[in-house]
Amino acid sequence: MNSHTPNMRPVIRQLDEAAANRIAAGEVVERPASAVKELVENALDAGATRIEVAIAQGGKALIRVSDDGCGMTAEDLPLALARHATSKIDGSDLLDIRSFGFRGEALPSLGAVGRLTITSRAPGHDGAQIAVAGGRIAPVRPAAGNRGTVVELRDLFFATPARLKFLRTDRAETQAVADTIRRLAMAEPWVAFTLTDEDEGRVLFRADAEQGELFGALQTRLARVMGREFIDNALPIDAQRDEISLTGFAALPTYSRGAAVAQHLYVNGRPVRDKLLTGALRAGYMDVLASGRHPAAVLYLTCDPHLVDVNVHPAKADVRFRDPGLVRGLIVGAVRETLARAGIRPASTGAAALLGAFRPGGVRAMATANGPRGSYAFRPAAQPAYDLSLSPQRPLDERP
């Protein structure tokens with residue numbers, strides 16, 4: 001219903017900066033996990049090799065992200081809190097995006113709805129600190145610190161208390177933060193991650209920096225995050241079509257799940273939830289997976305940034321490809337070929353083998369019959385190395 005008085009023309013007004021920042025925060029910061037995502041991505045863009053995250057009350061009371069990245073100078077700090085100020089693009093080519101962030105809205109948005117303090121030191125410079133609460137910025141002051149940046153966000157949404165009513169329990173928000181760290185950790189195997197709950201004084205997640213080449217590092221990291229059982233039942237994928245490459249791991253059909261909770265897709269290192277990609281993954285398993293079952297996979301799509309638009313969603317969760325047919329064909333073909341090489345085919349002989357795989361020892365027998373694949377043989381369910389579900393009775397990939 002229109003609240004304007006009849007026959008009165010509404011007046012166009014320019015919103016003040018505080019209101020504009022709070023509106024931007026509503027798009028970028030949905031919950032504590034959204035703030036954690038923005039801050040951790042900033043740390044990754046800064047070249048961090050170690051990222052430590054601490055939260056209290058599910059992130060409502062405290063979010064602290066510490067990194068050993070390139071840091072900022074005292075002159076940089078006020079600009080970091082200005083809207084549309086960024087070091088990641090120069091604005092000349094808005095499709096050449098090679099970083100997580102590029103809009104320059106995260107820090108001013110967080111400062112508009114919480115109490116934000118940034119302490120940073122760049123090599124060759126003294127440390128400095130700046131604070132902002134509810135959009136009010138304090139002067140920069142000297143501060144001690146190691147190289148890198150510590151961002152501390154307290155009392156999220158204190159400036160917009162109505163938003164607090166839409167948050168879930170501390171436990172649920174903690175779970176969402178853990179999921180965010182887990183997804184980013186799978187994209188960056190050479191970076192160490194730690195998540196600590198300061199209320200309980202315990203480490204919820206830890207993954208040391210992995211060593212070695214890409215597939216080895218990914219395999220070790222995914223075993224830490226997804227659980228050893230996933231890797232023991234997964235097949236490596238390495239395919240390319242034109243300028244787009246696909247790497248990662250796709251699980252055997254016998255490792256399928258009742259929901260799509262064990263599917264993690266990345267485009268140029270960015271975690272995405274894209275219907276095109278999930279549909280292509282499902283199509284790759286269509287002839288070998290029973291109705292109602294969902295495949296498990298962690299896939300990394302890499303392409304020239306000009307072939308994908310990552311700026312179609314405020315939270316950068318969706319992407320748009322210049323040639324979606326090419327991308328779909330690459331995923332469907334790579335998954336089907338990988339499964340076929342493992343002896344899993346929709347033909348009658350393949351169907352018989354697949355039925356046999358559901359019996360005890362079946363996958364191991366299939367691997368033996370179709371060539372040496374000992375590292376992918378089925379093993380009994382193993383407990384994940386780090387249980388992000390906060391409930392040790394439930395495996396990571398069976399969470400709601």
Side-chain angles (χ1 to χ4, degrees), residues 179 182-187 214-215 218-219 221-223 225-227 229-303 307-310 312-313 316-346 350 354 357 363 376 395-400:
D179 285 346
R182 174 175 173 256
R183 280 193 294 271
L184 290 169
M186 286 192 286
L214 176 63
F215 265 103
L218 280 178
Q219 193 171 40
R221 176 57 59 88
L222 294 181
V225 179
M226 298 278 286
E229 187 187 5
F230 171 77
I231 288 298
D232 288 343
N233 287 274
L235 302 165
I237 287 182
D238 189 8
Q240 184 164 347
R241 184 175 294 183
D242 293 346
E243 300 178 33
I244 304 177
S245 64
L246 180 71
T247 56
F249 292 86
L252 294 166
T254 48
Y255 189 79
S256 64
R257 294 294 178 258
V261 293
Q263 297 176 6
H264 302 279
L265 305 170
Y266 299 82
V267 176
N268 288 345
R270 184 188 305 277
V272 298
R273 301 181 186 278
D274 186 88
K275 291 181 180 179
L276 169 71
L277 301 182
T278 55
L281 176 61
R282 187 167 58 249
Y285 281 85
M286 183 177 295
D287 296 328
V288 297
L289 204 57
S291 176
R293 301 299 293 176
H294 298 265
V298 183
L299 299 179
Y300 305 87
L301 201 71
T302 305
C303 64
L307 300 180
V308 57
D309 186 355
V310 299
V312 297
H313 187 278
K316 301 185 287 291
D318 297 330
V319 295
R320 182 177 296 134
F321 293 96
R322 178 179 295 180
D323 189 346
L326 175 65
V327 174
R328 176 181 169 81
L330 172 61
I331 295 174
V332 174
V335 170
R336 287 181 177 174
E337 182 180 346
T338 299
L339 293 174
R341 282 203 308 266
I344 302 170
R345 295 181 176 87
L354 188 60
V363 175
Y376 301 108
L396 282 175
D397 51 14
E398 294 182 5
R399 292 167 301 157

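Because the structure is a prediction, the values reported are computed rather than measured. Keep in mind that the numbers below use all heavy atoms, side chains included, and drop hydrogens, waters and symmetry copies.
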Original post:
Looking at L246 and I331, what are the two nearest heavy atoms and their distance?
Top reply: CD2-CA, 3.9 Å

**OP:** Quick one: closest heavy-atom pair of Y255 and A296, and the distance?
**Re:** CD2-CB, 3.7 Å

Original post:
Who are the ring pair (Phe, Tyr, Trp, His ring centres under 6.0 Å) partners of Y266, not counting sequence neighbours?
Top reply: Y300

Subject >> Trace of the side-chain contact (heavy atoms from CB on, under 4.5 Å) decision for V298 with L218 >> reply: CA-CA 10 Å; V298 183; L218 280 178; over 6 Å; no

Under the side-chain contact (heavy atoms from CB on, under 4.5 Å) test, which residues partner [X], sequence neighbours left out?
X    : value
D323 : L326
E243 : D304, L307
R328 : L276, A280, A283, V332

**OP:** Start with the C-alpha gap between V335 and I237, add the side-chain angles, then the distance that decides, and say whether side-chain contact (heavy atoms from CB on, under 4.5 Å) holds.
**Re:** CA-CA 7 Å; V335 170; I237 287 182; 4.0 Å; yes

**OP:** Apply side chain to side chain donor-acceptor pair (under 3.5 Å) to R241 and list each qualifying residue two or more places apart in sequence or on a separate chain.
**Re:** none

Subject >> Contacts of type side chain to side chain donor-acceptor pair (under 3.5 Å), residue E337, not counting sequence neighbours >> reply: R341

Original post:
With ring centroids as reference points, do F249 and F230 lie under 6.0 angstrom apart?
Top reply: no

Original post:
Between atom OG1 of T338 and atom CD1 of I344, what is the distance when rounded to the nearest 0.5 Å?
Top reply: 10.0 Å

